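Residue numbers begin at 1 in each chain, while the letters A, B, ... track the order of the sequences. What you are looking at is a predicted structure, and each value in this text was computed from that prediction instead of being measured.
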Amino acid sequence: MKKVSQIQTLIIDGKEVGGKSDESILQVAKENDIFIPTLCYLEGLSDYGGCRMCIVEVKGMPRLVPACTTLIREGMEVTTNSEKIHNYRLSILALLFTERNHICSACVSNGHCELQTLALKLGLTHVEFPYIFPKMPVDATHDRFIADHNRCVLCGRCVRACHEVEGAHTKDIMGRGITSRVITDLKESWGSSKTCTSCGKCVHVCPTGALTEKGKSVAEMEKRRQFLPYLKLMRERR
Amino acid sequence: MEKVKIATSWLDGCSGCHMSLLDIDERILTLLESADIVYGPLVDFKDYPQGVDVAIVEGAVSSDEDEEKITKIRKLTKILVSFGDCAITANIPGMRNYFPTKELYERAYFENADLNQKRPSIRIPHLLSHARPIHEVVTVDVFLPGCPPPADVIFYSLSELINGRLPDLKGKTRFGR
Amino acid sequence: MSKEIKQTSLKEDRRLRMVDRTMRIYGNEPHALIETLHAVQESYGFIDTDLMQYVAEKLGVPLSKVYGVATFYHFFTLKPQGEHTCVVCTGTACYISGAKAIMDDFAKKYDLLPGETTKDNKLSLLTARCLGACGLAPAIVFDGVVAGKQTPETVSNTIERWFKNEL
Amino acid sequence: MNFEELHEIAKIENEKRAQFEYSINVCVAAGCMSCGSLELLTSFKKEIERRGIENWCKAKGVGCLGLCSAGPLVSVQRYDQKSEVIYKSVTLDNVHEIVDALTGEPVGRLACSKEMSFFKNQQKIVLENFGNIDPEKIEEYIAVGGYEPLYTVLREMSPANVIEQIVKSGLRGRGGGGYPTGLKWTTVMKASGNQKYIICNADEGDPGAFMDRSVLESDPHRVLEGMAIAGYAVGADKGFIYVRAEYPLAIRRLKKAITQAEQLGVLGRGIFNTPFNFDIKLRLGAGAFVCGEETALISSIEGSRGNPRPRPPYPAEYGLWGSPTLINNVETFANIPAIIRNGSAWFASIGTEKSKGTKVFALAGRINNTGLIEVPMGTTLREIVFNIGGGIPEGSKFKAVQTGGPSGGCITSDYLDTPADYESLTKLGSIMGSGGMIVMDDTSCMVDVAKFFVEFCMTESCGKCVPCRDGSAQMYHLLSKITSGEGNINDIHMLEKLSDLINNTSLCGLGMTMPNPVVSTMHFFKDEYLAHVHDKICPAGVCNMKRGGRK
């Protein structure tokens, strides 16, 4: 029994908008050109709700909610940006910068990185929390790709793309908390993976310079993601 | 009207930020109408003077010498500007932070040295265990990120500071290039 | 192909039967992963890569997921344990009643940090997040037997007796 | 199995019991077991046999007697007079004299006075069978009226009736949140779906809490019965108990209990000749505190990493394998049979206006009577700590009682007259939690305690959401700095900022409540923080300060 989606009206940032009942606040906001920052969200992948960048205020709800996983309701009043929300987002972004080693100036994704762009858009000019400077490995064993854990934000996009779209589930996250890390198979080198199809989807969905193509120099790594919603649609119709 | 006293300095950095400062080209003359550069690598003064209004410092705090310098600058300056990514994030100098300093010395003076494999005999500044952003050591008033920060943004920031305002740098410059 | 040889020798392993049995009980369904890893750890003492691969194939679970799950849960260990194991409870009651002093003593006397095994493979030190024996804080599990109200002295007594093969 | 058969079992069992004038009940719960109570039980049995008195005296293992600090505990019961003597710290050497004393005066030196407030001031519902029945024998549970409520429910009540009783009883979730149980049941009942599940959350992860362990070890059938009743009420025919692997004894007893219940037909297909089927399976946790969070727990039962997912949808609508799922904690289920037996009005008459019934607490830390207690909701903390708990060991001074574990907070002596109920504790910046109560005296440094909890949460954070994953690491770093004498006032401000951030933006309950121990200690013990930061001194002498100061 498939639920029929209904049209609902709601207010986002004072603007009256409409959407389908199975749409999230984020989707409806996007359709109406209202900007909500995101990081782990990517159209074409399942919703994750991990990065907390898209938190918004909903009138009557006791807590801030992630716009990506909260469905709209009739009469909902959403505030996507207030001083409080903005400050929380800045702090979360700052925490992400402290966690690994994001050296933008020496990164192949410089200029095309979602983390870097978010810092620019939200006006993060410095990070108030102390940097952790963990020693992280770089896996360059694959013929075509590199995994640089220094740049990883653990958004889980690669894991989801590999599992949900490619169907290989070569990548997953190991450990937990601050020590979690993205792995290939049984924490093996990427180059020796028997399950990896080398399709490159993980590389292109990665928001930062954690997964990149070989042979790219600083600022040369641009990602292509247009294929994703298309692929999703085609697979649903299969 | 008395001119605003500007000092510049660099700690553990590549001087690229200072180069970018020079990239404001002839606009520097406009700035100098109402400001003096009283200290820094671009001018020839030996000691850091009293009563500096604005200090622009590039580079991370990496050695005991850097630590002394920045503490002194902070003490004698009204407004301290963290200038560029190394000053704000430790950036490239921070890439050595995952290695013990002993290994760094080994690498620099022995493994990578073709001739004369020894620690320098004259005193060199002692490396701290980590290269740190300036604001983890002293209080910073203005952050001007970029590697290097674009000349236009430097000009804008200096103009604001000279006119007694704190520049609003949000959305104007980012980490990296 | 040393791996294949190891796999065949695995099949003859009696310990493997318990693992197989567990998987069978759950119909070799992917959701039996955690129960199966428990069975692996119980029969082998730890979870090694070959066994993870074996379990992954049998249950039809991706390799990376098996590894992800095995490392997510702290009860599982991927390293072989020493002859004797000592689990120090680091729950709140034990912590404020002196578990810290016991841990410090391990570091001092045996050069052991939690999760480590001595070089001679005699002794492993582990920690647990509350054994539920808070009434007896600080509590320690010596080779699977819970002992309460421990001090650095009572702990080293037990360990010395292990070393002298008295226990 | 029908009602007559059930009664027959109870009758036979009671007759069996009545044969014996004396019963020597040795506590075989984990605490006493680790003090050698099994050897003690064997020794009692041998002694009885040696003396040839086995026709009027028997020794058996029973569940937790409560006063764990004085284990092993032995309770000697006389059936005719229904009197009971509890002996504490019994050793093998005492077996002889205790058996000697059966017919005479109790061994005064070893006996605990029944008048002792530890025993006198409790009111037992969940723990009613503790120390009385052998947890490994279903017949003994049936003999005290067990599985009768299930029969009543199946034969005489409609699911709606059952839920109405639970709603009226005012029972709230005992796992920590205090969500009304009846409401939860109603939601699951109303949820559409052919398959529904019952999950018993026995992943008692709070360090310093052992209520659920004790219930599972001492009276496992009670929980099974509660789950079966819930299954009938919401329309589920499958149940899972998610229990910590760290509790081997509880697991063993649960397995045994499930097998016995299936053999007798009180679990399985067509229970009590009704069309109701109910199966219970065990699932072992594997050392992850976050799996106490219901969506993480579900993920773990499904065989995955214990990552929580955003709610809504709530498990009541979209739970295990996408089906409507009812999740309650051990103590909640253990209350159900008593509510059905005695009626919702009886239950609602106990406790306070908003918090009904009793609560089991695990007392631990710097307190004389560490152990397990059950008191009506609303009993003051002073009564619990100083009367029932017997106060603080001689020579030290009460400092704080910590409730709610890593999600809770500290309560100081000024607030000891606060009633222990959901709302009052929340108002003080702590929470009821699952019932762990750790008492601290002046040998505890509150900054160090805060650091302990933050470290706990840092290592238990699943890592999915940024504020919890990174924020906990930053907080731990700051607290380490402060406790090593290298902190400054700015670090305290940063702790405050991070606390607010993590509390407001984390994905699940673990993250949201993680800052509580820090916020609460900073509120009540600001001077200790300042002493660490300004004077580089640890007033309790716990922290190793690098520069100057004591110790």
Side-chain angles (χ1 to χ4, degrees), chain C residues 25-26 29-39 41-42 47 59 61 65-77 87 89-100 104 114 126-142 144-150, chain D residues 30-31 33-35 67-71 204-214 244-248 250 283-289 291 300-307 321 362-366 370-372 402 405-406 436 438 440-441 443-444 449 452-453 456 459-460 462-463 542:
Chain C
I25 290 173
Y26 293 96
E29 291 278 340
H31 65 79
L33 178 58
I34 294 173
E35 296 294 322
T36 309
L37 291 177
H38 270 296
Q41 177 147 319
E42 209 177 316
I47 300 170
L59 298 179
V61 178
K65 183 169 175 182
V66 175
Y67 200 89
V69 168
T71 51
F72 181 88
Y73 296 97
H74 286 184
F75 195 81
F76 297 135
T77 163
V87 185
C89 177
T90 51
T92 323
C94 292
Y95 182 79
I96 67 165
S97 310
K100 196 167 170 265
D104 291 347
L126 302 166
T127 55
R129 287 303 195 185
C130 196
L131 302 161
C134 315
L136 304 164
I140 288 183
V141 189
F142 295 105
V145 182
V146 184
K149 297 179 184 169
Q150 294 290 303
Chain D
M33 243 172 82
S34 62
C35 310
L67 193 56
C68 305
S69 56
E204 186 173 50
D206 281 22
F210 52 94
M211 301 76 50
D212 296 348
R213 174 183 66 75
S214 277
R244 297 182 76 199
E246 287 88 341
Y247 290 172
R283 278 290 201 273
L284 301 195
F289 176 63
C291 289
S300 185
I301 292 186
E302 290 171 353
S304 302
R305 293 162 56 84
N307 284 343
W321 291 300
L363 297 181
R366 308 289 291 170
T370 51
L372 203 67
Q402 213 276 349
I438 311 277
M440 297 175 206
D441 63 8
T443 60
S444 290
V449 166
F452 168 82
F453 282 119
F456 178 88
T459 51
E460 296 299 330
C462 77
V542 172

Side-chain H-bond candidate by donor/acceptor type, C:Thr36 with C:Tyr26, under 3.5 Å: no
Heavy-atom side-chain proximity of D:Pro406 to D:Pro207 below 4.5 angstrom: yes
Pick from D:Glu460, D:Met211, D:Glu246, D:Glu204 with the largest number of heavy-atom pairs that fall under 4.5 Å of chain C: D:Glu246
Side-chain heavy atoms of D:Phe210 within contact of D:Cys68, under 4.5 Å: yes
D:Phe289 portion near chain C, given a 4.5 angstrom heavy-atom threshold: neither
Distance, nearest 0.5 Å, that separates NE2 of C:His38 from CZ of C:Phe76: 4.0 Å
Residue list, side-chain contact (heavy atoms from CB on, under 4.5 Å) with C:Tyr67, at least two apart or on another chain: A:Met174, A:Ile183, A:Leu186, A:Lys187, C:Met52, C:Thr71, C:Leu78
Spacing of SG belonging to C:Cys94 relative to NZ belonging to C:Lys149, to within rounding of 0.5 Å: 12.0 Å
Proximal component of D:Arg283, with respect to chain C [non-hydrogen, under 4.5 Å]: both
From CA spacing to verdict: side-chain contact (heavy atoms from CB on, under 4.5 Å), C:Cys89, C:Tyr95: CA-CA 8 Å; C:Cys89 177; C:Tyr95 182 79; over 6 Å; no
Contact leader toward chain C among D:Arg366, D:Gln402, D:Arg213, where contacts are heavy-atom pairs under 4.5 Å: D:Arg213
Heavy-atom pair count under 4.5 Å with chain C, highest-scoring of D:Gly306, D:Gly405, D:Ala288: D:Gly306
Top contributor to chain C interface from D:Leu67, D:Thr370, D:Leu284, D:Val449 [non-hydrogen pairs under 4.5 Å]: D:Leu284
Heavy-atom contact with chain D under 4.5 Å, split by part of C:Phe142: neither
Flag side-chain contact, heavy atom, 4.5 Å: C:Gln41 against C:Phe75: yes
Distance, nearest 0.5 Å, that separates CG of C:Leu131 from CD1 of C:Ile140: 9.5 Å
Contact winner vs chain D - C:His74, C:His31, C:Glu29, heavy-atom pairs under 4.5 Å: C:His31
Residue D:Cys462 versus chain C: region with a heavy atom under 4.5 Å: both
Proximity breakdown for C:Val69 and chain D, heavy-atom pairs closer than 4.5 Å: both
D:Ala362 portion near chain C, given a 4.5 angstrom heavy-atom threshold: neither
Contact class of D:Asp212 relative to chain C, heavy atoms under 4.5 angstrom: neither
C:Thr90 versus chain D, the contacting section by heavy-atom distance below 4.5 Å: backbone
Side-chain donor/acceptor of D:Glu302 to backbone N/O of D:Ser300, under 3.5 Å: no
Residue, of D:Ile301, D:Thr443, D:Thr459, D:Leu363, that accumulates the most heavy atom pairs under 4.5 Å with chain C: D:Thr459
Partner chain D: residue of C:Val146, C:Thr92, C:Leu33 with the largest heavy-atom pair count (under 4.5 Å): C:Thr92
Chain C interface, residue from D:Cys35, D:Ser444, D:Pro248, D:Ser34 that has the most non-hydrogen pairs under 4.5 Å: D:Ser34
